[in-house]
Protein chains: 2
Amino acid sequence: MNLSVSEENYIKSIYKLEEGQDSVTTNALAYELDTKPASVTDMAKKLKEKKLIAYEKYQGINLTPEGKKAALQIVRRHRLWECFLVEKLAFSWEEVHELAEELEHVRSEKLTNRLSEFLGNPAIDPHGDPIPDAQGKMGKPRTQTSLHKSQAKRLEVMAVSDKSAALLEFLTAKGIRLGTQLDVIERYAFDNSIEIKIRNQPAFTISEQVSKNIMVKAI
Amino acid sequence: MNLSVSEENYIKSIYKLEEGQDSVTTNALAYELDTKPASVTDMAKKLKEKKLIAYEKYQGINLTPEGKKAALQIVRRHRLWECFLVEKLAFSWEEVHELAEELEHVRSEKLTNRLSEFLGNPAIDPHGDPIPDAQGKMGKPRTQTSLHKSQAKRLEVMAVSDKSAALLEFLTAKGIRLGTQLDVIERYAFDNSIEIKIRNQPAFTISEQVSKNIMVKAI
DNA sequence: AATAATATTTAGGTAAATCTAAATAATAAT
DNA sequence: ATTATTATTTAGATTTACCTAAATATTATT
């Protein structure tokens with residue numbers, strides 16, 4: 001199956017949005033891909049034709065097993081390149097997402113597998129996400145909850161689900177990185193903001209938008 | 001200046017064909033890019049608009065200084081990725097061209113420079129071609145003559161100008177690689193084939209097409 | 001120099017991936 | 001259960017990078 005860059009981006013986004021949800025809506029996909037719903041409908045028809053997604057008018061989108069396989073290959077490439085950029089080229093974790101976004105579209109199994117080997121077949125990428133192996137097998141689908149949902153009072157940052165440079169820069173500025181341990185001081189119901197504290201630092205408040213994207217586990 | 005992948009490929013090919021020639025013809029470029037002359041004319045207008053080439057109807061194509069700068073950046077990326085693939089991922093020299101052809105289009109100066117640094121700022125790529133530095137400065141534009149043109153009787157292989165996998169496989173099979181020293185046994189005028197001999201090996205004959213693409217220097 | 005051959009350009013068309021605006025379906029609110 | 005709102009799809013354009021076929025220039029040949 002030969003996919004265009006655009007088709008690959010759709011498959012990857014569907015895979016991402018499918019997590020948790022039982023199907024992906026046209027609007028959500030359009031927002032995720034920064035495009036218009038009408039364009040999504042067009043592409044949905046094409047991907048259905050190629051048997052990569054299950055799609056019926058107004059019924060939302062799901063990956064077929066084949067589509068999921070394709071998605072996992074793309075995710076594998078993306079996360080391996082992120083490892084490469086951070087470990088070998090000394091990029092910081094908030095810089096690598098956009099570059100990996102381009103590198104992931106070089107579709108060569110041999111290259112992918114050699115790269116993985118070169119990196120010591122890593123199981124997680126610099127953001128804490130698991131890397132699918134050559135067969136598409138992947139460790140547990142990442143951490144338990146978002147900080148937004150977590151009930152815990154003391155927790156550890158396991159991953160960040162949104163890789164926009166803006167968020168990652170914000171987190172870096174605030175001293176939040178992988179493995180950072182935080183205490184939840186207060187949750188404000190009126191705007192869902194959360195006051196948190198990192199050891200040896202003054203407490204500060206983060207918005208719902210931010211807390212939704214910080215993945216944590218209780219400690 | 002933001003170039004599409006297609007525009008970059010045109011610029012790169014013009015740069016390649018310009019070497020020696022004083023301008024590049026529509027047909028030559030079409031052949032090089034495996035496209036049609038009409039498409040080249042279309043693109044020539046666009047690249048002229050962007051001031052990357054000098055072009056007047058029926059007059060052939062030349063890079064402007066700006067176009068040449070762009071070309072050297074692309075060539076730099078291409079050759080650095082080739083180094084990476086051969087040195088770090090253990091690809092053989094005949095495998096890397098196609099992959100580098102894709103990787104070269106990731107346009108990030110920071111990535112390029114970090115990659116170069118990671119590789120120890122190499123000055124030549126695995127095919128023997130010099131790698132432009134970050135400023136576009138490049139070592140002497142490679143070897144003197146093709147085997148086809150060379151008058152010398154004993155010579156050394158400095159580079160291969162055509163990177164098609166077919167040719168590179170052929171050369172590998174015959175034991176011809178960078179640095180290989182050969183003796184010219186005979187030149188057959190009727191088809192321009194050449195009988196050559198590598199030390200400790202039986203002599204064999206290569207076609208004009210092959211000899212045109214082997215770059216040598218006399219020793 | 002006239003003609004033949006070749007090279008190049010123009011005109012008009014196609015496919016992929018997008019878009020806007022309008023139409024229609026599904027969902028939420030009264 | 002209507003109506004209003006929101007989501008989705010359709011219809012028709014647009015842009016990029018191609019294409020073919022025909023027209024026109026240039027170059028080579030007699």
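Excluded from the calculations below are hydrogen atoms, water molecules and symmetry mates; all remaining heavy atoms, backbone and side chain alike, are included. By convention in this document, chain letters (A, B, ...) are assigned in the order of the sequence lines, proteins followed by strands, and residues within each chain are numbered from 1.
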Query raised in the report: Is any side-chain heavy atom of Val40(A) closer than 4.5 Å to a side-chain heavy atom of Tyr10(A)?
Result: yes

Query raised in the report: With the threshold set at 4.0 Å, does a side-chain nitrogen-carboxylate oxygen contact exist between Glu104(B) and Lys12(B)?
Result: yes

Query raised in the report: OP1 or OP2 of dA17(D) sitting under 4.0 Å from any side-chain N/O of Lys46(B)?
Result: yes

Report task. Mind checking Thr26(B) for me? I need base, sugar-phosphate or nothing, with any heavy atom below 4.0 Å counting as a touch. Result -> sugar-phosphate

Requested in this report: Could you check whether Tyr10(B) gets within reach of a base, just the sugar-phosphate, or nothing at all, counting any heavy atom under 4.0 Å?
Outcome: sugar-phosphate

Query raised in the report: Is any side-chain N or O of Lys45(B) closer than 4.0 Å to OP1 or OP2 of dT10(C)?
Result: yes

Query - Closest listed nucleotide, where the reference is the side chain of Ser4(A) and the choices are dA17(C), dT16(D), dC19(D) - result: dA17(C)

Query raised in the report: Does Glu56(B) pair with Lys48(B) as a salt bridge, N-O distance under 4.0 Å?
Result: yes

Query raised in the report: Quick one: is Lys36(B) getting a side-chain N or O under 4.0 Å of the dT20(D) phosphate, OP1 or OP2?
Result: yes

Query raised in the report: At under 4.0 Å, does any side-chain N or O of Ser39(A) touch on OP1 or OP2 of dA17(C)?
Result: no

Query raised in the report: At under 4.0 Å, does any side-chain N or O of Thr25(A) touch on OP1 or OP2 of dA7(D)?
Result: no

Report task. Determine: side-chain N/O of Asn27(A) to OP1/OP2 of dT8(D), distance under 4.0 Å, yes or no. Result -> yes

Query raised in the report: Is there a donor-acceptor contact under 3.5 Å linking the side chains of Asn9(A) and His105(A)?
Result: yes

Query raised in the report: Is Ser6(A) touching bases, backbone alone, or none of the nucleic acid, heavy atoms closer than 4.0 Å?
Result: sugar-phosphate

Query raised in the report: Are any of Tyr55(B)'s side-chain N or O atoms less than 4.0 Å away from OP1 or OP2 of dT9(C)?
Result: yes

